[in-house]
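So the structure is just underneath, and the comments pick up after that.
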Amino acid sequence: MQKMNRRHMLSVSAAALAAAVPATRALAANRSLIFRAEPSDVRLSGVDGPASQMMTYNGTFPGAEIRLQQGDRLDARLDNALEEGTLIHWHGIRVPNAMDGVSMLTQEVLSPRQSFEYRFSVPDAGTYWYHAHYLSYDQVARGLFGPLIITETHPPDVDRDITVQLLDLKIDASGRFDPDTDTLAFTTLGRIGNVQKAHLSDPQPVRIGDRIRLRLINTATDRIVAVQITGMNGRLVALDGMPLADPRVFGVLTLGPGQRADVIGDVTGEIIVNDVREDAVILGGLSASGERTRRKVGVSALPSNPAAPFGRAAQDVELVMQGGAGGGAHRGFAGWAFNDQSGLSGQPLVRIERDTAMTIRLVNATGWPHAIHLHGQHFYEIGTDGSIGDYRDTTLLEPGQTRIIACQFTNRGRWLLHCHMLSHQADGMVTWIDVT
Ligand SMILES: [Cu+2]
C-alpha cells in the first residue's frame, strides 16, 4: 500500500520558482520533449486566492498539451526535480511495456535528480493523456498530468479542435490548493474537490455555425462527472480515444476518472459544459460571437484505428471488487481488495499468451463506484445480452454492478489493472496481468 498520511509541506525556494520555465501550449511532433517534474507555485485560474504549492511539468498547471500525429514517435525525457520519486504513464497508448511508467511493475521509480527517456511510437489516433504513476492519488491531484492528443492522418473537417480537461480541485479557506486527503476518502468516494472546472485549451469565442471538436478528459483523481453540453448539436465520435463506428447523439455522458470522449458538432449558441451527476454545476464554456454558414453534411465517423482481430476467449477470469466503507470482510490488508488481495502482488491476476483473448467478469461487490483501467491495450465492454459494445481502456461500474470485458492481448509484458479512482488504487485496488 502506498503512503497516505498527510505529507510534509513542500519547501519551494525563490530560485526554484525563478527557474520554472513556461512551456509552450502545444508541443509539436518528433522533437525531443523535456518533462521537468518540479514543485511550483501556481495561481489557479478561476480560483480567487494566492498562489498554491503544486507539482508541475515545466511550471504549468495542467501540463502542456502534447500533439503528435498518428504513427509519430514520442521522445521525452523526464527530469525529476521533485523531492520524491516519480514516473510518467501514457494513459491509453499502446506502448512497449518498458515505457508504461508503473513503479514496481515496469520500471524502478525515478529518484530525485534522476532522468529517464521515454521513447515509443503512437499507433492510434485519439484523445489520451499523460500523468504521474507514483503516489498518483497525490501527484496527479497536485498537477502532474496533461493532454496527449494524437491527430488522425486525415483529420475531420472542423473549425476548432479544443481540449477540455475536467478538473476537480480541493481548495482551502485561504483560496489555496488543499493537499490533504482525508482518511475517510480512501474507502468511500475518494478525494473529492470543492471547485470543479473545465480547463479549455483554446478559450477564444466560437461563431454560430462553427463545427467544433471537443476532447473531454476527466483528469480528476476520483470524481465522476456526468457531462452535458449546451450550445451545440454534438455527436459523440470517440470514447477513450477510440472512434465509434456510428456517431451518437450527445446527451449526458458519464465519465469516470481517466475516461475521455470526443464530441463533434455545430455551434448553435454559447457553449456551456455542465456536470449534472448531482446538482447541476457549470464547469466552463465558450462565448459565441459572429456567425458562419453551417455545413450541409452531418458529422461522420472518425477513421478507425488499427484493431486487433478478436478471437475466441482462451480464458475467462473473474475479478471481484471488495471492501470500502460498509463493505463485507475480505482477506486483503488494505481498505479495498480484488479477489481477496490488496495491493500489487508478486503474482499476476492471470497469465495469458500474447495474441489470445480473455474475458474478465468485473463484479463490483462494494457499495461504491469504481473506474477499472487496463494498461497497454483496450478492451470491449460486453453487453448483458452478450453484444460487443464500446472499445475502451477504462470502464465505470456503479455499486453492485457486474460487467464483462473482453480483451485481445497483443502487447507483451506486465500490465496493470486497477481502479482509476486514485484514492482507491492507493488503498489496495490494483492487480496486474502477465502477457507472455
Ligand atoms: Cu475504485
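All ligand and atom numbering here is 1-based and tracks the order in the structure. Keep in mind that what you see is a predicted model, and the values were worked out from it rather than measured.
- The Cu ion (ligand 1) is the vertex of the angle joining ND1 of His424 and SG of Cys419, which measures 130° to the nearest 10°.
- Atom CG of Leu283 is separated from atom CG of Leu166 by 6.0 Å, given to the nearest 0.5 angstrom.
- Under the 4.0 Å criterion applied to side-chain N and carboxylate O atoms, Lys170 and Asp222 are not assigned as salt-bridge partners.
- Residue His370 approaches the Cu ion (ligand 1) most closely through its N/O/S atom ND1.
- Residues Arg414 and His375 have side chains that never bring a donor and an acceptor to within less than 3.5 angstrom of each other.
- Among the atoms of His420, no N, O or S atom falls under 2.8 Å of the Cu ion (ligand 1).
- Judged by distance alone, the side chains of Thr60 and Asn58 never bring a donor and an acceptor atom under 3.5 Å apart.
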